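Order of the sequence lines fixes the chain letters, A, B, ..., with proteins taken first and strands second; residue numbering starts at 1 for each chain. Just so you know, these numbers come straight off a predicted model, no measurement behind them.
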Amino acid sequence: MEKGTSFLFSGITFDKKKFAADFSRFKEKKESDDLVESGKSEAEEGARPVKKRKRKATVADPVEGFNVFKTSKSSAQGIQQNDQEKSELSQAKKELNRQIERDALLRKKHKIHISGNNVPSPLENFSELSSRYGCESYLLHNLAELGFKEPTPIQRQAIPVLLSGRECFACAPTGSGKTLAFVCPMLMKLKHASKDGIRAVILCPTRELAAQTARESKKLAKGKKFYIKLLTKELLRSGDISKLPCDILISTPLRLRSAIRKKKLDLSRVEYLVLDESDKLFELGLVKQIDAVVKACSNPSIIRSLFSATLPDFVEELARTIMHDAVRVIIGRKNSASELIKQKLVFAGSEEGKLLALRQSFAESLNPPILLFVQSKERAKELYTELAFDDIRVDVIHADLSQSQRENAVDDFRAGKTWVLIATDVIARGMDFKGINCVINYDFPDSPAAYIHRIGRSGRAGRTGEAITIYTEDDVPFLRNIANVMAASGCEVPSWIMALPKLKWKKHRPQRDSISTKPKDQKE
DNA sequence: AAAAAAG
């Protein structure tokens, strides 16, 4: 949390300095205002005097909010001067309220929960992109071509929010189309390629996810000459990349920060910054890197957005301090698993028991592709050597492998060459493998969030999936947390598990015996 | 407490 605070304060310091002039001007203006916010927030508002701040104000009185929060152009009209204007205003109020009702209905239907000032209406369909926002035909064509027929709930709400130039934090289930929800408005807002430098940045926690996001973005931009670049080692080596045309840059945080430090690129013109898997990016160790990137994106009118399937409160709190008048979009229940996944718990007494159970279940029925998660790189290697002798096409991926080995592992799994992919949490988030039939948690996940992301590799884009979580005696204290997630997404959980005492956090993860069929002489 | 993230 201390690291988080540093992020928070550095962001604020930056804002205050940068917008000192605006800040003092704005401060005078709202001397008599009813604001009860801290100085930090004032600094932010100073940066954007046209935008309103208090969320609750709109919730309580949307119509008043509408007028007050309008942009500077219309703020003069907001002042009631004569009767005619008053009646026009009441007409507008009525129409606005009707619209608000329609929006509420659509949101209810798709389990879209929002908070924030003056949130734009959700999309009824993709063609509204052109009627409401003048979307170009290439994009609509690509959407159709790629098989996107109906917008998913997160797309319905997050796309209009971002198109309205609003910042956004979004929480929607795994496999529900978050990437499209931020790439689509990004392409629309950027309009066309330019050589003015980097205009949009997408940060992802792993290289695999960054590569996937780059590929998806390119598919969506097909037919339009956007420069979409993945920040790779090769690209960094290729000399002066600051002059390379780049509309959208996709990177992992550390690599981007090191490029910034070496003055290899300039982020001062970045208009859009997306933090994908934001809760992961806000984790200790990564948050400092994010901080550096956020600071380097010094364009005052930048639009930042956060996306994830899990959004802990502390991340929201942290995010709120750096975001301006952000809209919060939650689909379904916050921090919940996809309801398309059939989740099961399997008890295996010991490490040997696990391996035995796995072999037996593979012998009974093998329904690839299967993704198998273990706790550590070491255990991934062990299990791989153990299974490599079996008659199964098995592969392994973890961060100790070379980049090309990692790429091959992903590609082979995508191509169906690998039946069972053994993995650490390196591919637990965001990775979109088409039609994974089964996710096996060979080792118990670290946290409910890790669980949600791991099993979320299956059950994507409306397909169903299966998730099996193996547990041992050592895992029992943490079983309740996972069982809660299961129960919340409609899976059956034995009552004895639900009766287990609640556990707030783990102090120690279980020390596991090494994976082996051989009699364990190394034990004790 | 591990994994990931630079070279």
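- Among the atoms of the strands shown, only primed sugar atoms or phosphate atoms (P, OP1, OP2) are found under 4.0 Å from some heavy atom of A:R207.
- For B:dA4, neither phosphate oxygen OP1 nor OP2 lies less than 4.0 angstrom from any side-chain nitrogen or oxygen of A:K280.
- Taking 4.0 angstrom as the limit, A:R406 places a side-chain polar atom (N or O) nearer than this to OP1 or OP2 of B:dA5.
- The distance from atom CG of A:D400 to atom P of B:dA4 is 7 Å, rounded to the nearest whole Å.
- Straight-line distance from the CG atom of A:L203 to the C1' atom of B:dA5: 12 Å, rounded to whole Å.
- Distance, A:F282 CZ to B:dA5 C1': 16 Å, rounded to whole Å.
- Every pair passing side-chain hydrogen bond (donor to acceptor under 3.5 Å, both in side chains) that includes a residue from residues 252-267 of chain A is listed here, sequence neighbours excluded: A:D266-A:S268.
- Note on A:P205: only backbone sugar-phosphate atoms sit closer than 4.0 angstrom, heavy atoms only; bases stay farther off.
- Atom CG of A:L254 is separated from atom P of B:dA3 by 17 Å (rounded to the nearest Å).
- Between A:T424 and B:dA4, a side-chain N or O to OP1/OP2 separation shorter than 4.0 Å is present.
- The pair A:D313-A:R320 fails the salt-bridge criterion, with no side-chain N (NZ, NE, NH1 or NH2) lying under 4.0 Å from an Asp/Glu carboxylate O.
- Taking side-chain N and O atoms only, A:T252 has a distance below 4.0 Å to OP1 or OP2 of B:dA6.
- Using a 4.0 Å heavy-atom criterion, one finds that A:R379 contacts no nucleic acid atom at all.
- Summarising the geometry, the separation between CG on A:L286 and P on B:dA5 is reported as 9 Å, rounded to the nearest angstrom.
- When the P atom of B:dA4 is taken as reference, atom CD of A:E277 falls 15 Å away, rounded to whole Å.
- At the heavy-atom level, A:K377 lies under 4.0 Å from the strands shown only through sugar-phosphate atoms.
- Remark: P of B:dA5 and CG of A:L231 are 14 Å apart, rounded to the nearest angstrom.
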Pairs under 3.5 angstrom only: tabulate donor-acceptor contacts from the side chains of residues 209-217 of chain A to other protein residues two or more places apart or in another chain.
residue, atom, partner, partner atom, Å
A:Q212, OE1, A:R414, NH2, 2.8
A:Q212, OE1, A:D432, N, 2.7
A:Q212, NE2, A:G430, O, 3.0
A:T213, OG1, A:L209, O, 2.8
A:E216, OE2, A:K219, NZ, 3.2
A:S217, OG, A:T213, O, 2.7

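- Between A:I331 and A:A172, the shortest heavy-atom contact is CG1-CB, 3.6 Å.
- A sub-4.0 Å separation between OP1 or OP2 of B:dA4 and a side-chain N or O of A:R255 is absent.
- Electrostatic pairing of A:D395 and A:K417 does not count as a salt bridge here, judged by no charged N lying under 4.0 Å from a carboxylate O.
- One finds a side-chain N or O of A:S376 lying less than 4.0 angstrom from the OP1 or OP2 phosphate oxygen of B:dA3.
- Note: CZ (A:R454) to C1' (B:dA3) measures 11 Å, nearest angstrom.
- Nearest nucleotide to the side chain of A:D446, out of B:dA6, B:dA1, B:dA4: B:dA1.
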